[in-house]
Every structure is written in C-alpha cells, then in structure tokens.
**Student:** 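This is the structure, below, for whatever I ask next.
As the structure is a computational prediction, the values presented were derived from the model and not from experiment. Numbered from 1 within each chain, the chains take letters A, B, ... in sequence-line order.
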Protein chains: 2
Amino acid sequence: MNEKSRRSGLLHAGRPSPTLEDLATAAGVSRSTASRAINGGLKVSPEAQAAVDAAIVALGYTPNRAARSLVTRRTGSIALVIPEPDARVMMDPFFAAVITGVNEALRGTDMQLVLLMSRAGDDSARTMRYLRGGHVDGAIVVSFHEADDWAETLGTTGLPTVFIGRPWATGFGVPYVDLDNFEGGRLAARHLAGTGRTRLGTVAGPADMTAAVDRLEGWMQGIREAGLQPGPVVHGDFTTAGGADAARTLFSEAPELDGVFAASDLMALGVIDTVRGRGHKVPEDVAVVGFDNHSLLAANGLGLTTVTQPMVDMAVTAGQLLIRAIENPEEQLEPVIYPAELVVRGSTAGHSR
Amino acid sequence: MNEKSRRSGLLHAGRPSPTLEDLATAAGVSRSTASRAINGGLKVSPEAQAAVDAAIVALGYTPNRAARSLVTRRTGSIALVIPEPDARVMMDPFFAAVITGVNEALRGTDMQLVLLMSRAGDDSARTMRYLRGGHVDGAIVVSFHEADDWAETLGTTGLPTVFIGRPWATGFGVPYVDLDNFEGGRLAARHLAGTGRTRLGTVAGPADMTAAVDRLEGWMQGIREAGLQPGPVVHGDFTTAGGADAARTLFSEAPELDGVFAASDLMALGVIDTVRGRGHKVPEDVAVVGFDNHSLLAANGLGLTTVTQPMVDMAVTAGQLLIRAIENPEEQLEPVIYPAELVVRGSTAGHSR
DNA sequence: TCCGAATGTGGGAGCGCTCTCACCACATGG
DNA sequence: CCATGTGGTGAGAGCGCTCCCACATTCGGA
C-alpha cells in the first residue's frame with residue numbers, strides 16, 4: 001500500500017532520481033548512516049561506508065541540493081557580481097579573466113558560480129535583495145564605481161564578500177584583491193621619461209573607479225619624480241573607442257605630445273589609432289604605454305608596452321579568499337595586492353634623443 | 001514555551017530572515033493565503049492580497065528558494081555550459097557576447113545564470129552529473145566539439161536544452177540557434193572573387209566544430225560558383241596566434257595567394273600579421289576576410305572585411321527558447337538560423353585588376 | 001567485576017515552502 | 001426550500017535532507 005513510493009523525483013527525466021532513503025535501503029543501512037557516509041564519513045564503519053559508496057554508484061545517486069540547502073543554510077553557490085551597464089564593457093577581456101579565475105578557484109569545491117549582472121539603479125536593488133536573501137553563500141564584486149554602495153551594504157549585511165579591485169570604502173573590513181595600480185602608473189612614467197619623452201599626455205580611466213584613480217596618481221608621481229611637467233589629462237571609459245576619443249581631445253589641446261599613458265590597453269589601442277589618423281608614427285613620434293597586458297593585443301603587429309596585470313591569478317585569489325571567508329566567518333582577511341610590472345614592447349621603442 | 005520560534009534564518013546576517021509563517025502572521029492571514037498571494041494571487045481577496053503585499057515590504061520578506069525548490073522541483077536557475085579547456089579561449093569575445101545575451105534573456109524572469117565551465121574528460125562527467133542531477137531547470141550549451149556528446153546525453157536525459165551553434169547530432173530534437181555559416185562562407189568567396197582575387201587560401205576553424213565546417217563548405221561552394229580553383233586549406237583554432245601560424249603554413253605552401261578567408265576575426269588578425277611580417281601589404285597584395293564582425297577589431301586602423309554574426313542577439317534568442325522549453329516541455333521547438341551578412345571594410349579594398 | 005568513555009547506529013524532528021483537500025460563506029437555480 | 005456551484009480560506013502533509021538524541025556495542029582502566 002506504500003506504493004506511492006515511486007514519486008516524481010527529477011521533473012523532466014524518465015526515472016525519478018533516487019533519494020537518500022533509496023540509497024540507504026540499497027546499502028542496507030539507515031538514512032542517517034548513509035548521510036554520514038556521504039558527508040565526511042565520521043563515525044561510520046568501513047563496511048557501512050563501502051556499502052554506501054557502492055550504492056551511490058549503482059543508483060547514480062546525487063544529493064538533492066535544495067533539500068540539503070534547506071537545512072544546512074548553505075546554498076553551495078557564490079555570486080559574481082558585475083555591476084556594468086552594457087555588453088560593450090563586457091567585451092573587455094578583464095571579465096573573461098575574472099570569470100575564468102573565479103571558476104578555477106571553485107574547481108575541486110562543489111560550489112557553483114552564479115552570475116549576477118545588474119544594470120542601472122533599480123536592477124541593482126534587485127541584485128542586492130538577491131544577495132541578502134541568502135541565495136548564495138558569498139559574493140565576489142568586481143568593477144564597481146563610486147556610486148555603487150556595494151562595499152557598505154554588503155559589508156554590513158554579513159554576507160561573505162571579496163572585492164576585486166580596491167573598494168572606495170575600505171572601512172567595512174571587506175577583503176579585496178588588487179594590483180598595485182599606483183606603482184604601475186609610476187613605472188609607466190619612469191619608463192617613458194627614461195626613453196627621453198618629455199611632453200607626456202594622459203588618457204586616464206573613469207574617475208569613479210579606484211583602479212583608474214590610483215594609476216593616475218602613480219603616473220603623476222612618476223612624472224614629478226622624473227622632473228617633468230605633467231601634461232593634459234583626459235578621462236576615457238576603458239574602451240578602445242573611448243581611448244580614441246580621449247586622444248583626439250588630448251592632441252587638440254597639446255599637439256606636440258611625444259608620449260601618452262593610457263590606463264588600459266584597449267584605450268591605448270584607440271590612442272594609437274588616433275595618432276596614426278593624425279599622420280604620426282608610433283613610436284617614432286609618439287610613444288604609447290598601456291595597462292593590463294591584454295593577451296589579445298600582444299599578438300598585434302606593433303607590440304604595446306604595458307603594465308602587467310595578472311587578472312586570472314587575481315581572480316583565483318579572490319575566489320580562494322571568499323571560500324576561506326565562507327568557511328571561517330570569524331577570520332579577519334587581509335587585502336592582497338599584486339605587484340605591477342612593466343612589459344616593454346615596440347610602442348615605446350626607438351626615440352632618438 | 002514556543003520561544004525557540006526565533007531560529008537562525010539567514011546564516012550570516014544579524015536578524016534571521018522572516019519565513020512565510022512570519023509573513024502570514026504579520027498580514028493576519030494563513031500561511032496558505034500568503035503563499036497564494038505571493039504566487040500569482042489566484043483566489044485571493046483584494047484585502048488579503050493588500051495585507052500580504054504590505055507585510056512583504058514591512059518585513060523585507062524573500063521566499064526561501066531552497067524550500068520552494070524542494071517542493072516545486074524547479075530550481076529557478078539555468079546552466080550555461082562552456083566546455084572549453086582554457087582561459088585563452090575564454091578571451092574570445094564570443095563568450096562575453098553569449099553571457100551578455102543569455103543574461104539579457106533572463107532579465108525579468110527570476111531565473112539565475114549558473115556558469116558551468118568544464119575541462120577535459122573527467123570534469124565533463126562531473127558537469128554532466130550536475131546537469132542530470134536536477135540542479136538546474138535547463139541548459140544552454142555552447143562551443144561544443146564533435147567529441148562531446150552533450151547533444152546525445154542531454155537530448156535523452158529530458159533536461160530542457162538549447163544549443164548555440166548547430167550540434168553534430170541533430171536527431172535528438174534539441175533546438176539550437178545558429179548563424180547561416182554556409183552562406184557566410186559563400187558571401188566571403190563571392191566578395192573576394194568580385195574584387196578580382198583569384199588565388200584564394202583558407203584558414204579554416206577547428207574541423208570538429210560545425211560552425212567551422214559549415215563556413216568552409218560555403219566558402220568552397222562560393223569559390224566553385226565563381227569559377228575559381230580552391231587553394232590550400234589550413235585549420236586554425238580560432239585564436240589570433242593560431243591564425244598567424246596557419247597563415248605561415250599557408251604561404252609557405254602557396255606564396256602567391258592574393259586572398260585569404262579566415263573563419264574568425266581573431267584568426268584574420270593573425271593572418272594580417274603574418275602577411276605584413278612577410279613584407280606584403282593588406283589589402284594591396286593580399287585581401288583578408290574574417291568572420292564574426294568582432295567589435296574590438298572594428299575600431300582597428302585597418303578595417304577588417306568580415307561576416308556579421310549577431311552573437312548577442314543569438315544568445316538572447318537561445319535564452320528565450322530555453323525559457324519556452326522549460327515552461328512548455330511538450331512543445332517542439334524549431335532551430336533558429338540567423339542570416340549572414342558581409343561587412344566590407346578596408347582589408348579587401350583596392351585591388352587593381 | 002563493573003563503570004565510564006568511545007564508537008557506531010537508527011529514529012524522529014524539522015528546515016520553509018507548495019499543494020491538496022476540506023470547509024465555509026454566499027450566490028444561483030430548480 | 002434544498003441542491004449545486006464558486007470565490008475565498010486554513011489545516012495538514014510532505015518534498016529530501018541534516019542533525020540531535022537515544023540506544024547498542026565494545027573497550028579500557030579502576
């Protein structure tokens with residue numbers, strides 16, 4: 001009469017997926033023992049463990065995440081929050097690197113990556129609700145702007161969070177992974193000055209992103225250290241088109257520039273385009289330094305001198321940090337800062353002093 | 001004595017998140033009525049509905065997905081399966097476009113995107129288990145190779161699935177979204193022939209991907225239709241470096257080529273590099289046609305003639321298709337094929353017949 | 001010999017939700 | 001007047017799992 005036992009299980013498939021109860025029966029143990037055998041196997045006799053293991057294979061058993069999650073209050077997934085407005089920005093390989101890296105960190109864990117891409121205002125509230133709703137065990141936030149209040153909100157909410165890139169407000173104890181952007185900018189300045197360039201222009205990143213601000217400050221400091229005068233500064237949006245536009249403005253203000261620092265490789269590409277469009281040569285007339293060491297561009301005919309940013313590694317570290325934060329909520333995690341390195345290529349070569 | 005009522009709720013945060021029971025109490029209705037009010041509100045009096053709505057706001061109530069999922073057998077998330085081996089390939093903006101598009105399709109739904117990136121053999125089995133385990137309501141599979149048996153396995157498993165790109169085995173009734181790659185290849189051939197190029201080389205994509213094969217076949221057909229002889233064919237891996245390598249092989253076999261079709265823009269970039277490296281000019285000596293209409297390269301100095309592939313749109317369509325498949329499992333969905341269009345730019349200009 | 005402690009096991013409760021069902025009130029029709 | 005809906009409601013079961021607790025067994029030391 002207990003014939004209703006063959007319930008639905010998996011919605012779509014033919015046969016219903018076996019439950020823990022089924023597994024226990026097949027293994028000849030109780031539900032409790034089966035559960036213990038699956039999770040770490042403490043206080044389980046070798047025989048019972050073996051029986052359960054065998055039954056798992058035989059039945060193709062997979063624990064029901066929802067049921068487990070309901071009681072453990074762990075979802076087994078983390079969110080990658082990307083608060084960027086449009087597809088254009090997504091094309092930036094930075095995101096590809098972040099996704100790859102975070103995924104890499106999750107390998108071996110049975111955690112899954114949930115992508116949370118939120119747009120303007122209203123949508124970000126929805127994202128926030130989702131995050132606070134306990135649907136994920138933690139979050140990695142990336143590419144945030146000053147206007148976003150992720151750091152504050154998440155910091156106070158108690159949800160384990162790691163930022164990629166220094167957040168504007170560091171007072172909330174939220175750990176982050178970042179590049180030494182200041183030093184990167186400084187290296188660029190020192191290098192350009194070292195090759196004899198003296199009239200330096202800047203295509204900075206968005207003023208509401210810490211990475212852009214730090215790069216700019218380092219660059220300025222480097223220029224001062226070299227005893228040069230900082231030239232004009234124009235802000236771009238990290239895209240190629242934005243870099244080209246910024247460069248046009250730059251050269252219309254100061255046509256005699258012989259060196260430009262762009263705060264991203266994509267923008268540097270735009271700068272080079274503009275320089276060439278004006279009938280000048282890179283690097284003979286104008287040297288260009290980028291930032292990111294973007295692999296797509298490395299293969300490009302003219303090598304681009306740039307500052308290395310190990311994005312994948314940084315993302316991996318962020319993922320690992322988050323896992324630690326989830327597993328050990330009390331531990332106070334320190335920010336991780338990667339050193340910046342300059343890669344010299346063709347775009348800053350051959351200037352006859 | 002029922003004072004244990006204030007249980008944990010959300011693991012991390014201070015206050016526990018309210019349950020449906022709390023909500024019902026606050027609204028002065030029963031749990032059942034509250035549930036109905038939340039889900040569609042059929043057979044709920046306006047007063048009750050209003051009371052529940054107010055309570056939701058007041059308490060900041062969010063339904064517990066796990067609990068809901070446990071009984072509905074719907075997880076409210078779909079998987080994006082990317083069976084690519086390494087980060088290098090992830091840099092291809094194709095993936096960025098797919099992610100953006102699918103996410104776009106999910107907007108408005110309360111579905112979430114789970115990223116499943118699997119590597120070689122073993123790992124793909126894990127992915128497969130995850131998919132069959134009922135952890136997601138559906139899957140979008142992208143960039144599959146012939147060796148993968150996703151189409152077969154998923155097709156028979158009953159999990160709603162949509163492919164981006166035609167799968168090798170179409171017999172399983174799995175719907176897909178694709179570009180008319182054949183026509184795209186044909187357009188490229190017709191265009192090159194039309195500009196007077198006669199000695200045509202090919203940098204094809206990986207032979208185990210349908211998109212590459214279809215492009216190659218269309219290209220060959222176009223060459224034949226133009227009354228020309230197909231030149232040498234070398235296979236690349238869709239990356240810039242791969243394209244450059246392939247082009248080297250190509251030109252060592254047939255140095256006199258005056259036109260090359262590369263099955264992706266990234267490879268076309270590599271081809272151009274190689275051509276220039278050999279001291280020849282694009283397009284004067286060698287015309288190059290790419291494939292994808294990759295936005296990153298559009299801004300490049302020399303415009304690349306290419307075949308448009310509306311990747312974001314295609315991904316949106318795939319997402320919508322999947323949602324329909326999930327909501328209406330019986331419906332037989334048809335593949336959607338986008339037309340290919342040629343975009344003529346500088347890389348195929350100015351050949352003096 | 002007997003008593004903890006350690007080790008292994010199974011029963012039961014309960015996580016927060018949906019859904020079936022019984023029920024009530026009131027309308028409508030014979 | 002009673003049969004038959006019909007909109008609205010609430011109690012109760014149960015989804016598959018983990019965890020607490022009670023219980024059985026074994027082992028070491030007093």
Side-chain angles (χ1 to χ4, degrees), chain A residues 2 4-11 16-52 55-56 59-76 110 133-135, chain B residues 2 4-11 16-52 55-56 59-76 110 133-135:
Chain A
N2 196 355
K4 67 172 177 177
S5 173
R6 275 272 146 254
R7 269 171 306 263
S8 68
L10 208 154
L11 175 64
S17 51
T19 89
L20 183 59
E21 192 80 56
D22 299 340
L23 183 73
T25 309
V29 297
S30 76
R31 204 178 61 247
S32 307
T33 302
S35 175
R36 274 187 292 260
I38 290 169
N39 311 298
L42 229 65
K43 306 216 177 192
V44 176
S45 67
E47 303 83 56
Q49 182 73 54
V52 172
I56 288 176
L59 271 63
Y61 172 78
T62 323
N64 180 317
R65 268 180 121 87
R68 173 179 286 178
S69 173
L70 185 56
V71 34
T72 58
R73 294 168 181 295
R74 295 275 241 95
T75 64
D110 66 344
H135 303 311
Chain B
N2 195 358
K4 66 173 178 179
S5 174
R6 275 274 146 251
R7 269 172 305 263
S8 69
L10 210 155
L11 176 64
S17 52
T19 90
L20 183 59
E21 192 80 54
D22 300 339
L23 183 74
T25 310
V29 297
S30 76
R31 206 177 59 249
S32 309
T33 302
S35 175
R36 275 187 291 261
I38 289 167
N39 309 297
L42 228 66
K43 304 215 177 192
V44 177
S45 66
E47 304 82 55
Q49 182 75 53
V52 172
I56 288 175
L59 270 63
Y61 172 78
T62 322
N64 180 317
R65 269 180 120 85
R68 172 179 286 178
S69 173
L70 185 56
V71 33
T72 58
R73 294 168 180 294
R74 296 275 242 96
T75 64
D110 66 343
H135 303 311

**Student:** Can you tell me the distance, in whole Å, between the CD atom of A:Glu21 and the P atom of C:dA13?
**Tutor:** 15 Å
**Student:** For the helix from C:dT1-D:dA30 to C:dG30-D:dC1, how many degrees between its two end axes (five pairs per end), to the nearest 10°?
**Tutor:** 50°
**Student:** Could you check which residues of residues 61-70 of chain B get a heavy atom under 4.0 Å from DNA chain D? Sort them by number, please.
**Tutor:**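 Here the set is B:Leu70.
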**Student:** Please give me the minimum heavy-atom distance between A:Leu59 and A:Ala26, naming the atom from each residue.
**Tutor:**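 Nearest heavy atoms, A:Leu59 then A:Ala26: CD1-CB, 3.9 Å.
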**Student:** Rounding to a whole Å, what distance do you find between B:Arg74:CZ and C:dC17:C1'?
**Tutor:**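 For the pair B:Arg74 CZ and C:dC17 C1', the rounded distance is 15 Å.
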**Student:** So which atom in A:Leu23 and which in A:Ile56 form the shortest heavy-atom distance, rounded to 0.1 Å?
**Tutor:** CD1-N, 3.5 Å
**Student:** So, OP1 or OP2 of D:dG16: does either fall under 4.0 Å of a side-chain N or O from A:Thr19?
**Tutor:** no
**Student:** Return the nearest nucleotide to the side chain of A:Thr33; candidates are D:dT18, C:dT9, C:dG16.
**Tutor:** C:dT9
**Student:** Looking at residues at least two apart in the chain, or sitting in another chain, which of them share a side-chain contact (heavy atoms from CB on, under 4.5 Å) with A:Thr25?
**Tutor:** none
**Student:** Quick check: do A:Thr75 and B:Arg65 have side-chain heavy atoms less than 4.5 Å from each other?
**Tutor:** no
**Student:** Quick one: is B:Thr72 getting a side-chain N or O under 4.0 Å of the D:dC15 phosphate, OP1 or OP2?
**Tutor:**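 It does not, given that no N or O in the side chain of B:Thr72 lies less than 4.0 Å from OP1 or OP2 of D:dC15.
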**Student:** Considering all heavy atoms of both residues, which atom of B:Ala34 and which atom of B:Ala24 are nearest to each other, and what is their separation?
**Tutor:** CB-CB, 4.0 Å
**Student:** Can you tell me if A:Ser35 touches the phosphate of D:dT18, counting only side-chain N or O atoms and a distance under 4.0 Å to OP1 or OP2?
**Tutor:**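 Yes, such a contact exists.
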**Student:** So, does the side chain of B:Arg31 form a donor-acceptor pair with the base of D:dG12 at under 3.5 Å?
**Tutor:** yes
**Student:** Could you tell me how far apart B:Glu47 (CD) and D:dG7 (P) are, to the nearest whole angstrom?
**Tutor:**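 Computing the B:Glu47:CD to D:dG7:P distance gives 15 Å.
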**Student:** Sorted by first residue and then second, give each salt bridge (Lys or Arg N to Asp or Glu O under 4.0 Å) pair with at least one member in residues 35-46 of chain A; sequence neighbours left out.
**Tutor:** none
**Student:** Starting at atom NZ of B:Lys43, determine the distance to atom C1' of C:dT20, rounded to an integer number of angstrom.
**Tutor:**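 Going from NZ in B:Lys43 over to C1' in C:dT20 covers 13 Å.
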**Student:** Hey, could you give me the NE2/OG distance between A:His135 and B:Ser69, rounded to the nearest 0.5 Å?
**Tutor:** 11.5 Å
**Student:** Looking only at heavy atoms, what is the nearest atom pair of B:Tyr61 and B:Thr19, with distance?
**Tutor:** CE1-C, 3.6 Å
**Student:** Atom pairs, N/O to N/O, protein against nucleotides 20-22 of chain D, distance under 3.5 Å?
**Tutor:**
none

**Student:** Using whole Å, report how far CG of A:Leu20 lies from C1' of C:dT9.
**Tutor:**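 Checked: the CG to C1' distance equals 14 Å.
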**Student:** Can you measure A:Ile38 atom CD1 to D:dC19 atom P for me and round it to whole angstrom units?
**Tutor:**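 To the nearest whole Å, that distance equals 12 Å.
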**Student:** Once salt bridge (charged side-chain N to carboxylate O under 4.0 Å, His left out) is applied, do any residues pair with B:Arg68, and if so which ones, sequence neighbours excluded?
**Tutor:**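 Scan of B:Arg68 (salt bridge (charged side-chain N to carboxylate O under 4.0 Å, His left out), adjacent residues dropped) gives none.
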**Student:** With side chain to side chain contact (heavy atoms under 4.5 Å, CB included) as the criterion, how do B:Leu20 and B:Ser35 come out once you've worked through the C-alpha distance, each side chain's angles and the decisive distance to 0.1 Å?
**Tutor:** CA-CA 7 Å; B:Leu20 183 59; B:Ser35 175; 3.9 Å; yes
**Student:** Can you see which heavy atom on B:Leu70 is nearest to which on A:Asn64, and at what distance?
**Tutor:** CD1-ND2, 4.1 Å
